[in-house]
Visitor: 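The structure that follows is given in the form of structure tokens.
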Amino acid sequence: MDVYRAESVAIMELVRGLAGEAVEQVSVDEAYLEVTEQVGGEGGHDEMIRRAVPMAEAIKAAVRRERGLAATIGVGPNKLTAKIASSSFKPDGLTVVLESGKAAYLRPLPAGAIHGVGKVTEAALARAGLVTVGDIQDCQDDLRAYVGSWWGELRRMAFGEDDRPLDFSDDIRSVSSENTFARDTADRAVLRGCLREQAEEIAGRLQRHRLAAVTVQVKVRYSDFTTLTRQVSMEEALEDASSIYRLSCWLLGRHRLVARPLRLIGVGVTGLRAVTMRQLVLPFMETRR
DNA sequence: TCTGGGGTCCTAGGACCC
DNA sequence: TCTGGGGTCCTAGGACCC
């Protein structure tokens, strides 16, 4: 995994060198680039998009030359269209969607092509008779009953409308660790050992990011795939493995979650905040006594 | 496919307060 | 003592993404 991470860092460096710093990295192998400034603001949207194509070609060539890998790139007027364009020809594709052609480009695609439409929403849309993005474009009804309050935005997206800005923040909202057992178990020693390791892993990640957490959550899954979570919030944020471990044990006991064997056990923390000076100083003072 | 792991965001319901 | 409504916070579950 570290190999992937290192490769990802190298490629993102390469991309920044060619396209500028406006890069939103979504995962190890995916990023959005905002290149409006580089291509210049003159001309219509279509002209600007066409001027971005040579840059996309240069990035593809550099990634192949310097990292020996194929990159797939979608060029479009916004994140939605660029994302869909990039997934249309993998690997090694370069797909361009113009502002003037975006609605037509999306029409024949399945509804699930839209970012945020997963299995459940796709099935709900199909029940309403909407299978393709074109069906959504043509639908005049209010389908909030099927897909919830998201309907208005979904309909705009079906036409390729998307004004989400790139998100450059690297804020972490939660940290978690979980394990699925090869065989379901209710063995307390096994479960405690697992929780301890997970708590240590989480504490390590928190400390690397200088974060502490207010809320600790445990997650269990049984043989029938029933999955439960239980959480507890503290007044003071905590960051050490033993506190996270103790609270997760307490949650398991308090809610009697190990009444039957577990297939999965996990721990997570949320309500993250920067570690304060006092929290940094306290353990130090204790060790000096 | 009898289902891995690490995330984000949204929603519904309950507790609590005024 | 029971009752109403609104706001806020917390909890739990689920949809979705990579």
Visitor: Could you please name the option among B:dG7, C:dA12, B:dG6 that lies closest to any side-chain atom of A:Arg230?
Guide: C:dA12
Visitor: Kindly state which residues belonging to residues 114-129 of chain A come within less than 4.0 angstrom of DNA chain B, counting heavy atoms of the residue only, listed by number.
Guide: none
Visitor: Among C:dA12, C:dC18, B:dG6, find the nucleotide with the atom closest to the side chain of A:Ser27.
Guide: C:dC18
Visitor: Using a cut-off of 4.0 Å on non-hydrogen atoms, how would the nucleic acid contact of A:Lys219 be classed: base, sugar-phosphate, or nothing?
Guide: nothing
Visitor: Are A:Asp187 and A:Thr185 linked by a side-chain donor-acceptor pair shorter than 3.5 Å?
Guide: no
Visitor: Does a side-chain N-to-carboxylate-O contact under 4.0 Å join A:Arg50 and A:Glu47?
Guide: yes
Visitor: For the pair made of CH2 in A:Trp150 and P in C:dA15, what is the distance, rounded to whole Å?
Guide: 14 Å
Visitor: May I ask you to check whether A:Ser223 and A:Arg263 show a side-chain donor-acceptor distance below 3.5 Å?
Guide: no
Visitor: Out of C:dC18, C:dG13, B:dT11, which nucleotide sits closest to the side chain of A:Ser149?
Guide: B:dT11
Visitor: A:Asp142: which residues meet the side-chain contact (heavy atoms from CB on, under 4.5 Å) condition with it, sequence neighbours left out?
Guide: A:Arg144, A:Trp151
Visitor: Under 3.5 Å, is there a donor-acceptor pair between the A:Gln217 and A:Ser174 side chains?
Guide: no
Visitor: Do we count A:Phe225 as stacking onto B:dT3 if the rule is ring centres under 5.5 Å and planes under 30°?
Guide: yes
Visitor: For DNA chain C, just give me the dot-bracket, please: Watson-Crick or G-U, both distances below 3.5 Å, ( ) intra-strand, [ ] crossing earlier pairs, | paired with another strand, . unpaired.
Guide: ....||||||||||||||
Visitor: Between B:dG6 and A:Ser176, is there an OP1 or OP2 to side-chain N/O distance shorter than 4.0 Å?
Guide: no
Visitor: Without decimals, in angstroms, what is the distance between A:Trp151 CH2 and B:dT11 P?
Guide: 16 Å
Visitor: If only side-chain N and O atoms count, and only distance matters, is there a donor-acceptor pair under 3.5 Å linking A:Thr36 with A:Glu34?
Guide: yes
Visitor: Write down the distance between CG (A:Asp170) and C1' (B:dG7), rounded to a whole number of angstrom.
Guide: 15 Å
Visitor: How long is the line joining CG of A:Asp171 and C1' of B:dC9, in whole Å?
Guide: 15 Å
Visitor: How close or far is atom C1' of B:dG7 from atom CD of A:Glu30, stated in whole angstroms?
Guide: 14 Å
Visitor: I'd like to know if A:Asp92 and A:Arg64 make a salt bridge, using a cut-off of under 4.0 Å between side-chain N and carboxylate O.
Guide: yes
Visitor: Output the rounded distance in Å from CG (A:Leu154) to C1' (C:dC16).
Guide: 14 Å
Visitor: Using only heavy-atom distances, determine whether the side chains of A:Thr72 and A:Ser86 contain a donor-acceptor pair under 3.5 Å.
Guide: no
Visitor: Would you kindly give the CD-to-C1' distance between A:Gln231 and C:dC9, to the nearest whole Å?
Guide: 12 Å
Visitor: Side chain of A:Thr180, heavy atoms from C-beta onward: which of B:dG4, B:dG6, B:dT11 has the nearest atom to it?
Guide: B:dG4
Visitor: Are A:Ser233 and A:Thr215 close enough that a side-chain donor and a side-chain acceptor fall under 3.5 Å?
Guide: yes
Visitor: Charged N to carboxylate O below 4.0 Å: is that the case for A:Lys79 and A:Glu24?
Guide: yes
Visitor: When you measure from the side chain of A:Leu264, which nucleotide among B:dG5, B:dT11, B:dT3 comes out closest?
Guide: B:dG5
Visitor: Whole angstroms only, please: what is the CZ-P distance between A:Arg144 and B:dC10?
Guide: 17 Å
Visitor: Tell me what A:Thr215 touches on the nucleic acid: a base, only sugar-phosphate, or nothing, going by heavy atoms under 4.0 Å.
Guide: nothing
Visitor: Expressed as a whole number of Å, how far does the C1' atom of B:dC2 sit from that of C:dC18?
Guide: 23 Å
Visitor: Picking from C:dC18, B:dT3, B:dG6, which would you name as closest to the side chain of A:Arg205?
Guide: B:dG6
Visitor: Base, sugar-phosphate, or nothing: which does A:Arg221 touch, judged by heavy atoms less than 4.0 Å apart?
Guide: nothing
Visitor: Can you check whether A:Thr227 has a side-chain N or O nearer than 4.0 Å to OP1 or OP2 of C:dG13?
Guide: no
Visitor: Is any NZ, NE, NH1 or NH2 atom of the basic residue among A:Arg107 and A:Asp138 found under 4.0 Å from an Asp or Glu carboxylate oxygen of the other?
Guide: yes
Visitor: From B:dG6, C:dC18, C:dA12, pick the nucleotide closest to the side chain of A:His255?
Guide: C:dA12
